*Asks:* 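Dumping the structure here so I can ask a few things about it.
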Amino acid sequence: MSTRIPFLKGHGTENDFVIVPDPENTLDLPPAAVAALCDRRAGIGGDGLLHVVRSAAHPEAKSMSAEAEWFMDYRNGDGSIAEMCGNGVRVFARYLQRAGHVAEGDLAIATRGGVKTVHIAKDGDITVGMGKALLPEGDVTVSVGERRWPARNVNMGNPHAVAFVDDLTHAGDLYSPPPFSPAAAYPDGVNVEFVVDRGPGHVAMRVHERGSGETRSCGTGACAVAVATARRDGADPAVTGTPVTYTVDVPGGTLVITERPDGQIEMTGPALIVAEGEIDAAWLETATAP
């Protein structure tokens, strides 16, 4: 391992990430190393880590290399692997643009949730094609303290439970995962969104992200919320033939989610790179030593 490892720090609606460029996939980033880097007091700090690798150089992405040159090897803040991160894709695309790998316009990014289409607009916003939502059958409930709510099961390449509440404070502190049932609905855990109405086509949410705790924003969560809200409101673009758009306020800003008649979902929002520097490899080895 080199003495210094380049990194950047970025965020999308304050969902923040440590970015580690590693085009040829030469770095060993075990869960303990990721957790140390994402530690907000002893490390750089972030909700997750974006490991930037060429698809052809990563065994999980080789099959997608013909469609997408770059693979977003995403890790949660605790070091666990996640299938997809919507805000992370926007920040990943912003990094690629900053590094000169891509320009404004359209590109494709490989993720564990498949290849995602991305558009970098001249006004700075980035739109990500998030794919289609799956709506598994079966009743789900989530709870905080003595309160319980029915939740909509939505899968955006990762699992979500969307609960509509009267007040976002009812979600509690969201330090620990809100209990859910039945356990079989989410064998690998779940992201839980609590949602209130703000007006026509406008909602606000808080989220507990699996492996990260409460975050300031969650892109796949905002998509899940928009789909769940549309179905609650009796809107299904596949039936009506008309796209439906929701503005979703998150603690860190605002995302705009559109579901199209073919089921494809698009998410638009900002993405910023705020700093870059070098990781001390000796520190990282010490921080991750048994």
Side-chain angles (χ1 to χ4, degrees), residues 1-12 14-55 57-61 70-96 99 109-113 116 157-159 174-177 188-191 207-221 252 271-290:
M1 184 179 289
S2 61
T3 304
R4 301 280 177 175
I5 304 167
F7 81 93
L8 299 91
K9 179 73 182 285
H11 76 90
E14 298 183 11
N15 194 186
D16 62 334
F17 308 95
V18 179
I19 306 162
V20 180
D22 181 24
E24 302 310 317
N25 197 27
T26 60
L27 294 176
D28 182 22
L29 291 172
V34 173
L37 290 168
C38 291
D39 189 295
R40 296 194 179 279
R41 295 186 181 273
I44 296 166
D47 293 322
L49 183 142
L50 306 176
H51 183 207
V52 184
V53 184
R54 292 188 190 277
S55 298
H58 198 289
E60 293 183 70
W70 295 95
F71 173 55
M72 184 182 76
D73 176 16
Y74 179 69
R75 318 292 182 86
N76 292 314
D78 65 355
S80 59
I81 289 174
E83 302 92 336
M84 173 57 183
C85 175
N87 287 318
V89 171
R90 294 202 322 280
V91 174
F92 191 96
R94 181 68 76 213
Y95 163 74
L96 293 178
I109 294 173
T111 76
R112 289 185 177 85
K116 304 302 178 184
N158 57 358
L174 293 182
Y175 292 146
S176 57
D188 299 316
V190 64
N191 305 286
V207 59
H208 179 279
E209 282 199 64
R210 181 182 53 167
S212 297
E214 182 172 18
T215 60
R216 299 285 292 170
S217 179
C218 176
T220 56
L272 300 171
I273 304 296
V274 300
E276 60 181 308
E278 294 179 325
I279 301 161
D280 185 324
W283 164 81
L284 188 59
E285 288 185 15
T286 301
T288 58

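On a predicted model such as this, the values are computed, not experimentally measured, just so you know.
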*Asks:* I want to check something: taking the side chain as every heavy atom from C-beta on, are Glu278 and Ile5 in contact at a cut-off of under 4.5 Å?
*Replies:* no

*Asks:* Does Leu96 form a side chain to side chain contact (heavy atoms under 4.5 Å, CB included) with Val52? I'd like the steps, not just the answer.
*Replies:* CA-CA 9 Å; Leu96 293 178; Val52 184; 4.2 Å; yes

*Asks:* Could you measure the distance from the OH atom of Tyr95 to the CD atom of Glu276? Nearest 0.5 Å is fine.
*Replies:* 9.0 Å

*Asks:* Under the criterion side chain to side chain contact (heavy atoms under 4.5 Å, CB included), I'd like the reasoning laid out for His51 against Leu29: C-alpha separation, chi angles, the key distance, then a yes or no.
*Replies:* CA-CA 9 Å; His51 183 207; Leu29 291 172; 3.8 Å; yes

*Asks:* What's the shortest heavy-atom distance between Cys38 and Gly77, and which atoms?
*Replies:* CB-O, 3.7 Å

*Asks:* Begin with the C-alpha distance, continue with both residues' side-chain angles, and end with the deciding distance and a verdict on side chain to side chain donor-acceptor pair (under 3.5 Å) for Glu209 and Thr215.
*Replies:* CA-CA 7 Å; Glu209 282 199 64; Thr215 60; 2.6 Å; yes

*Asks:* Locate the shortest heavy-atom distance separating Pro21 from Leu8; write the atom from each residue and the value.
*Replies:* CG-CD1, 3.7 Å

*Asks:* Show the nearest heavy-atom pair for residues Ala42 and Trp283, with the distance to one decimal.
*Replies:* O-CZ2, 3.3 Å

*Asks:* Is there a donor-acceptor pair closer than 3.5 Å between any side-chain N or O of Asp47 and the backbone N or O of Asp16?
*Replies:* yes

*Asks:* Please name the pair of heavy atoms, one in Val18 and one in Gly45, separated by the smallest distance, quoted to 0.1 Å.
*Replies:* CG2-O, 3.7 Å

*Asks:* Just by distance, do the side chain of Arg94 and the backbone of His11 share a donor-acceptor pair under 3.5 Å?
*Replies:* no

*Asks:* Are side-chain N/O atoms of His208 and Asn191 paired as donor and acceptor at under 3.5 Å?
*Replies:* no

*Asks:* For Ile19 and Gly10, which heavy atoms make the closest approach, and how far apart are they?
*Replies:* CD1-N, 4.0 Å

*Asks:* What I'd like to find out is whether the side chain of Pro59 reaches to under 4.5 Å of the side chain of Asn25, using heavy atoms alone.
*Replies:* yes

*Asks:* Drop me the distance from Leu50's CG to Phe92's CZ, to the nearest 0.5 angstrom.
*Replies:* 7.0 Å

*Asks:* Calculate, to the nearest 0.5 Å, the distance between atoms OH and CG belonging to Tyr74 and Asn87 respectively.
*Replies:* 9.0 Å

*Asks:* CG/Asp73 to OG1/Thr111 distance, rounded to the nearest 0.5 angstrom?
*Replies:* 11.0 Å

*Asks:* Working to the nearest 0.5 angstrom, can you tell me the gap between Glu24 CD and Arg54 CZ?
*Replies:* 6.0 Å

*Asks:* Do Asp188 and Arg210 come within less than 4.5 Å of each other through their side chains, counting heavy atoms only?
*Replies:* yes

*Asks:* As a quick check of understanding, evaluate side chain to side chain contact (heavy atoms under 4.5 Å, CB included) for Met84 and Arg112, giving each step before the final call.
*Replies:* CA-CA 6 Å; Met84 173 57 183; Arg112 289 185 177 85; over 6 Å; no

*Asks:* For Asp78, does its backbone N or O pair with a side-chain atom of Asn76 as donor and acceptor, under 3.5 Å?
*Replies:* no

*Asks:* Could you check whether any side-chain heavy atom of Ile44 comes within less than 4.5 Å of a side-chain heavy atom of Phe7, counting everything from C-beta outward?
*Replies:* yes

*Asks:* Please report the interatomic distance CG(Asn158) to OG1(Thr220), rounded to the nearest 0.5 Å.
*Replies:* 4.0 Å

*Asks:* Treating Arg90 as the side-chain partner and Ala271 as the backbone partner, does any N or O pair qualify as donor plus acceptor under 3.5 Å?
*Replies:* no

*Asks:* How close do Asn15 and Cys218 get, heavy atom to heavy atom, and via which atoms?
*Replies:* OD1-CA, 4.1 Å

*Asks:* Take Val91 and Ile273 through the side chain to side chain contact (heavy atoms under 4.5 Å, CB included) test and state the conclusion after the steps.
*Replies:* CA-CA 7 Å; Val91 174; Ile273 304 296; 4.2 Å; yes

